[in-house]
Amino acid sequence: MDMKREQWASKLGVILAVAGSAIGLGNFLRFPGQVVQNGGGAFMIPYFIALLFLGLPLMWIEWTIGRFGGGFGHSTAPGMFHSLWEKNRFIKYFGVIGIFGPIVIFLYYIYIESWLLGYSLFALTGKYAACATSESMLGFLRGYQGIVVNEHFSGLGTAYFFFLITFLLNGLVLYRGVQGGIERVCKIGVPLLLLLAVGLVVRVFFLGTPDPAQPGNNVVNGLGYLWNPDWSALKNSRVWLAAAGQIFFTLSCGIGVILTYASYLKKNDDVALSGLTAASANEFAEVVLGASLVIPAAYAFFGSEAMADIARGGVFNLGFVTMPLVLQKLAFGNLFGFLWFVLLFIAGITSSISLAQPAVAFLEDEFNLSRKKAVGIFMVVTFVLTQPAIFFLGRGVVDELDFWGGSFFLVVFATVETILFAWVFGMDRAWTELHAGSDIVIPKFYRFIIKYITPAFLLCILGFWLVQDWLPVMLLKGVNPADLPYVLGTRLGLLLLLAVLALLVRQSWQRRKQKEGVHAA
Ligand code: PFF
């Protein structure tokens, strides 16, 4: 175990780092896409219920387990789970998901993040300025992605160039470490991105009714689309699953990232208020800022029907197709487009570095590697693994990665972690641990929620999923036959990655046992 573990420099620093991880493409792109795909106001009730009964409890659970595990010199889930349940030899293997999941999301997240860098320059230089309709803007995006060859792009070269820069930039931040890299970038990045978002929201609110011939298409109705609740949607299990999935994704929880960040806390650093603050910052960025940008803008210019059509074509299309179209209609359109994509790029990088950190920390802690070596290994391995997402984007590879890394394993991991915390570690110890050094007292009913409601909610989601989706997913139903080899290849690759990580865990435990002179695990 490495005794020189890294630490955060300040309380504000760790809160901004966790907020930086949470606030990302999920807030400004995925959230509006999900809202529109799930019928506007229908989405928001399950969303807030999931926030209160899943998101917030998981935030507290993860900050607490992370700090607790850090006390034993562990920065990742295998070691932490082992510390929570020392007698069990297998629980550490469940912890593997807490390294695997973030890597899987990283593999596509970083590529999408790199588009934002490209698009911010395109906005500034007016490269997409000639695209005046959704179709032509979509064509621009497809050309950039290398899916079609058109007048804008003749191949993947440009996208690859921006990917390389983004990838190296991430590596550089990680190389500088927790305090000198992650904390420093988030301390500047998070306030800056919030400022940019507020500026854009103000501009969007002044859009009013852009087309007097269509008086219904205006900003106020766009907000109404989102905020008028539709109670009948509560009967629809698909909306519940989507809302719970969005809560996990946006808060970066249920995946191991917050565990790692919290492991760099000191024993009596507050977790209760810090967790709440980071979650609140994320929700402000999502339901106040994120929701006030894309949806009102798209609604004012396109109306609800056309907006829904665009969102159905892909969850990110509103951000990459509609927003540039809307913004370039304004005075100083190039500048506003640039600000939109820069905002997203900053939000992206403060999240992608958090996705990398568990794997880096695992190599550092469990194999005693220096940070530089660990970052080097991580960069080489993920560079290779990112290639399929880049070259076979149109073949369903990213969707497959997102399904396993960004949805399925998240729910599994959250379920295991919650039961471990509330039932195995025990709610009395859990509650005491959560309040050690705490700056607030969490209302008592959260004890009940964490013990009963959160695990029951999670088991329901898993159950729903098993009943509704398990077989079709396993049988690759609905996959375009031409894409089958790519999707299957991705799935096997993921299985291999999971197995390799499990073996690494095994190896590191055996080494430790040998060192400690105790019998092998
Ligand atoms: N929360 C990030 C977003 O909203 O974009 C994405 C993310 C980061 C998910 C880190 C999971 C994670 F561990």
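For the numbers below, each heavy atom of this structure counts, side chains included, while hydrogens, waters and symmetry mates do not. Counting starts at 1 for both ligands and their atoms, in listed order.
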Ligand 1 contacted by Tyr109 (non-hydrogen, < 4.0 Å) |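 Flag set, Tyr109 near ligand 1.
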Look at ligand 1 and say whether Ser354 reaches it with a heavy atom at a distance under 4.0 Å.
->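 Yes, Ser354 has a heavy atom closer than 4.0 Å to ligand 1.
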Among Ser352, Gly24, Ser21, which one has a heavy atom closest to atom 2 (C) of ligand 1?
->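 Shortest heavy-atom distance from atom 2 (C) of ligand 1: Ser21.
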How close do Lys11 and Asp270 get, heavy atom to heavy atom, and via which atoms?
->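 Scanning both residues completely, I find the closest heavy atoms to be NZ-CB, 4.2 Å.
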Closest heavy-atom contact between Ile103 and Leu497?
->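 Looking at all heavy atoms of both residues, the closest pair is CG2-CD2, 4.1 Å.
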Can you sort out which atoms of ligand 1 are near Asn27, meaning under 4.0 Å from one of its heavy atoms?
->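 This gives 4 (O) as the contact atoms.
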Where is the nearest protein heavy atom to [atom]: which residue, which atom, and how far?
atom                    : answer
atom 11 (C) of ligand 1 : Ser252 CA, 3.7 Å
atom 12 (C) of ligand 1 : Leu355 CD2, 3.3 Å
atom 9 (C) of ligand 1  : Phe249 O, 3.4 Å

Intermediate values then yes/no, side-chain hydrogen bond (donor to acceptor under 3.5 Å, both in side chains), Gln387 and Tyr160 | CA-CA 10 Å; Gln387 304 307 309; Tyr160 209 84; 2.6 Å; yes
Is it true that atom [atom1] of [X] has more than 12 heavy atoms of other residues, nucleotides or ligands lying nearer than 6.0 Å?
X      : atom1 : result
Arg176 : CZ    : no
Phe403 : CZ    : yes
Arg184 : CZ    : no

Is there any N or O on [X] that sits under 3.5 Å from an N or O of ligand 1?
X      : answer
Gly26  : yes
Ile23  : no
Ala22  : yes
Thr250 : yes

How about Ser263 and Arg5: does a side-chain donor come under 3.5 Å of a side-chain acceptor?
->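 Yes, because at least one side-chain N or O of Ser263 sits under 3.5 Å from a partner of the opposite role on Arg5.
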If you measure only the distance, is there a donor-acceptor pair under 3.5 Å linking the side chains of Ser21 and Ser252?
->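 Short answer, yes.
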